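Sequential numbering from 1 along the given sequence is applied to the chain's residues. Ligands are counted one by one from 1 in listed order, and the atoms in each one are counted from 1 as well. If you're wondering where the values come from, they're calculated on a predicted model, not measured in any experiment.
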Amino acid sequence: MNGHAAAPSSDRIQIINDEKQFTPDLNDEIARWGLRDTGFDYNVVAVFGSQSTGKSTLLNRLFGTNFDVMDETKRQQTTKGIWMCKGKDMNVMVMDVEGTDGRERGEDQDFERKSALFSLASSEVLIVNLWEHQVGLYQGANMGLLKTVFEVNLGLFGKRTSDSYSQRTLLFFVIRDHIGTTPLENLQATLTADMHKIWDALSKPEDLKDRKLEDYFDLAFTGLPHKILVPDKFEAEVANLRKRFSDKTKENYIFKPAYHKRIPADGVSHYMESIWEQVQTNKDLDLPTQQELLAQFRCDEIAQGALAEFNEQARSQKRPIEVGKVVGGLGTMMRSWRTTALQRFDQNASRYHQGVYKRKRLDLIGSLDAVLSPLFLGQLKNLHKAVLADFKADIHRRLQAEGYNFADVVGSARDRAEKTFTGGAKEAVVEEGVTAWAWEEELELLKEEIRSVGDQLRKDETKKMVNAIERNFKKQISEPVDIALNKPSPDLWDKILRTYIETLAKAESSYLKKAASFDCTDEENEAALTTLRQRAWAALRAKINEQTADTTILGKLRGFFEERFRYDEHGVPRVWRPEDDIDGAFKKAKDVTLDLIPLYAKIKPSDPSLAVEPPEVDDDESGGPSALVVFSESKALELGARFRRDADAFYVEAKRSTVSSIAQ
Ligand code: GDP
Ligand code: MG
């Protein structure tokens, strides 16, 4: 603690100086006194009376304050102004109003009026300090001061408003240098009668003319012994009186709740300053309006404080959300920041004008939610993205495994994704059942994307499957087609087509079996099968074309011919002798070989049940009956001619071999 701690009660502050200016330091001072956070748990008392009647002396004794006391030896003139001290060991703001009684020296009645207004608007108790010998001097200056107080009071508290508390004030008369020859009761009666006389003589506004003094004021009286003549008695009585101000349990406790002006301690300085400003500018002092203005000012300040802390907290998650993170426990955090801010606001602001407080609370909620909403929406977006990415990764991982059921994989991944999103979204909700925190629409968007991702995946998977089946098909037909074409027989095409039909049937049923787990539509299945058939046919044709290309087919013809001309029926190479019928053998072998050309030229089974109709391909002229043509008529002629040349070479060679064998 710093140096102020030891003597906080000795700090005093001139809240209004002799230039009639209000201090800018009161708020800090109240905070230093430790009163700022006391809510309504504090009191305000002011003293009125002629100059040099021992007012400051009394306050210092009663409240342990240190207001200036006139130095007897100098008798200097006290300046005008209002000072404030905190009561020692009590939550009391004590105001010493100096130079109130201007009339005494025929001086500034303006200040008298202003300080009366100011004191009445803020104090619960006005101590009216007077000498015993002033009692009953109705014409005296002291009573003029009270007339002013009453007049001012009518203006301030005359009309009651719905929100105003009972605006009573205690006038506490302290009769100084009470010798005792006249009992207090008599003095009290005289003063009470005087008060009523003054009250009755007041010129009241029409609507308030029936109001009584008691409607606004409580009166209390006490006498104090002579300070100089019987100092011990004086001190003892003052000590007793002090208890009445400090001890709440005392039956005659002075600060009754009804006197409280209901200004929260943290608004006192602002309230007093604006009261003084109104008083100074001679504006009508309308207390209900002042209280509303104060409420607005303070509620705004309190909201700002709550918002500042809240914004600090919210800022911590702004970046993560912006860069796409899904912040864990964001909803819990947001709800806690918001609740804390509202609690901070409620704690202090709820003491102010209820209408204003409630309005400002709604404003604050608006400000809080304006900060939270982008976080909430950002979280939903990020959650959406993350869940969708997880959904894709999940499926891809599970499609790596053997024997998956595609529909099951997609279905369970979708369920998990929707569950994750819904859980995360619900967590982020700040206030249940309020449209600002709705997430269902985002879920719909997510569902739609999941659906289209699933559709695409299914198409990709189907394509992959068709490709695999096609590869397998090619592998399966390759060898049988090779063999059939290499060892041509009249049922050459029957063999090839039988293989083709059987393999295609297996491919189709393999597709359908797998496709069952894909939830494919009938159209999709039909399209896939069509593709499969086209590719199967194309594969068959490619294989046939490869095996019937010019040089390949010529090789086959030559081989076929050689086998028959150069080898005997047992597969033994022939050695021609002159008596052999070379011409006959040559002709026979050549003719059977040439018969192969029309066989190869067209895909045409001898068993009509094996006839196939090649599938149509839109962008290809290979469909239709021409799809069955392996090579054209002119091609056949050309091949025949080329084969003959080859065969002739064998013939010449055979002839030569007999000549050379003779020569040996
Ligand atoms: P204020 O101007 O009303 O604040 O009066 P002060 O407290 O400054 O006191 C003015 C003078 O009156 C001082 O010299 C005090 O010593 C003296 N004084 C204070 N209280 C009493 C009292 O109860 N009786 C008498 N006779 N003198 C007092
Ligand atoms: Mg004084």
Side-chain angles (χ1 to χ4, degrees), residues 9-18 20 45-88 92-108 111-112 114-116 118-119 123 125-135 137 140-146 148-149 171-182 184 187 191 221-242 244-245:
S9 63
S10 68
D11 290 332
R12 63 180 172 184
I13 180 167
Q14 190 176 24
I15 57 175
I16 291 156
N17 64 15
D18 47 3
K20 298 178 184 166
V45 59
V47 71
F48 267 35
S50 312
Q51 204 170 358
S52 296
T53 47
K55 298 187 296 296
S56 303
T57 305
L58 176 67
L59 294 180
N60 289 346
R61 291 289 198 294
L62 289 178
F63 300 106
T65 51
N66 65 336
F67 293 113
D68 265 347
V69 171
M70 197 184 82
D71 185 343
E72 205 65 61
T73 59
K74 290 185 189 141
R75 288 207 78 85
Q76 87 277 35
Q77 192 162 328
T78 320
T79 52
K80 292 189 186 69
I82 299 179
W83 289 81
M84 187 189 277
C85 277
K86 179 194 178 286
K88 192 168 187 287
V92 182
M93 298 181 199
V94 187
M95 293 198 287
D96 191 4
V97 186
E98 289 185 338
T100 36
D101 190 359
R103 241 167 292 244
E104 196 166 56
R105 281 166 296 153
E107 276 179 6
D108 194 352
F111 182 75
E112 173 189 291
K114 284 173 175 167
S115 57
F118 179 77
S119 303
S123 309
V125 176
L126 287 186
I127 296 177
V128 181
N129 190 59
L130 72 171
W131 300 121
E132 182 183 355
H133 60 73
Q134 286 179 297
V135 175
L137 296 179
N142 209 30
M143 296 300 127
L145 175 67
L146 284 162
T148 304
V149 168
L171 293 180
F172 189 58
F173 290 87
V174 179
I175 299 157
R176 310 294 292 273
D177 288 359
H178 181 218
I179 315 274
T181 42
T182 314
L184 181 63
L187 297 171
L191 282 169
F221 304 86
T222 196
L224 284 179
H226 199 292
K227 179 176 176 284
I228 315 293
L229 300 182
V230 281
D232 292 350
K233 275 191 176 169
F234 173 81
E235 298 298 344
E237 279 307 307
V238 167
N240 279 337
L241 191 52
R242 175 180 165 83
R244 293 184 58 190
F245 280 98

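For the Mg ion (ligand 2), the set of nearby N, O or S atoms under 2.8 Å includes one belonging to Ser56.
The main-chain N or O of Trp83 is never found under 3.5 Å from a side-chain atom of Asp96 such that the two would form a donor-acceptor pair.
Between Phe221 and Phe173, the ring planes lie parallel to each other; the angle is under 30°, not in the 30° to 60° tilted range.
Contact annotation: for Phe234 versus ligand 1, heavy atoms closer than 4.0 Å belong to the side chain alone. Contact annotation: for Val69 versus ligand 1, heavy atoms closer than 4.0 Å belong to both the backbone and the side chain. In Glu98, neither the side chain nor the backbone holds a heavy atom less than 4.0 Å from any atom of ligand 1.
The contact set between ligand 1 and Ile228, taken as ligand atoms under 4.0 Å from a residue heavy atom, comprises 26 (N). The contact set between ligand 1 and Thr53, taken as ligand atoms under 4.0 Å from a residue heavy atom, comprises 1 (P), 3 (O), 5 (O).
Here the closest non-hydrogen pair linking Lys20 and Ile16 is CA-CG2, 3.8 Å. Shown here for Leu184 and Gly223, the closest heavy-atom pair between the two residues is CD1-N, 3.8 Å. Here the shortest heavy-atom pairing between Ile127 and Leu62 reads CD1-CD1, 4.4 Å.
Considering backbone and side-chain N/O of Trp131, none are found under 3.5 Å from N/O of ligand 1. Ligand 1 has a nitrogen or oxygen under 3.5 angstrom from a nitrogen or oxygen of Thr57.
Nearest to atom 20 (N) of ligand 1 by heavy-atom distance, out of Lys55, His226, Arg176, Arg61, is Arg176. Among Gly54, Pro225, Ser56, the residue whose heavy atom sits closest to atom 4 (O) of ligand 1 is Ser56.
A side-chain N or O of Asn129 and one of Arg176 form a donor-acceptor pair less than 3.5 Å apart.
Note on Lys55 versus Glu98: no salt bridge recorded, every NZ/NE/NH1/NH2 to OD/OE distance being 4.0 Å or above.
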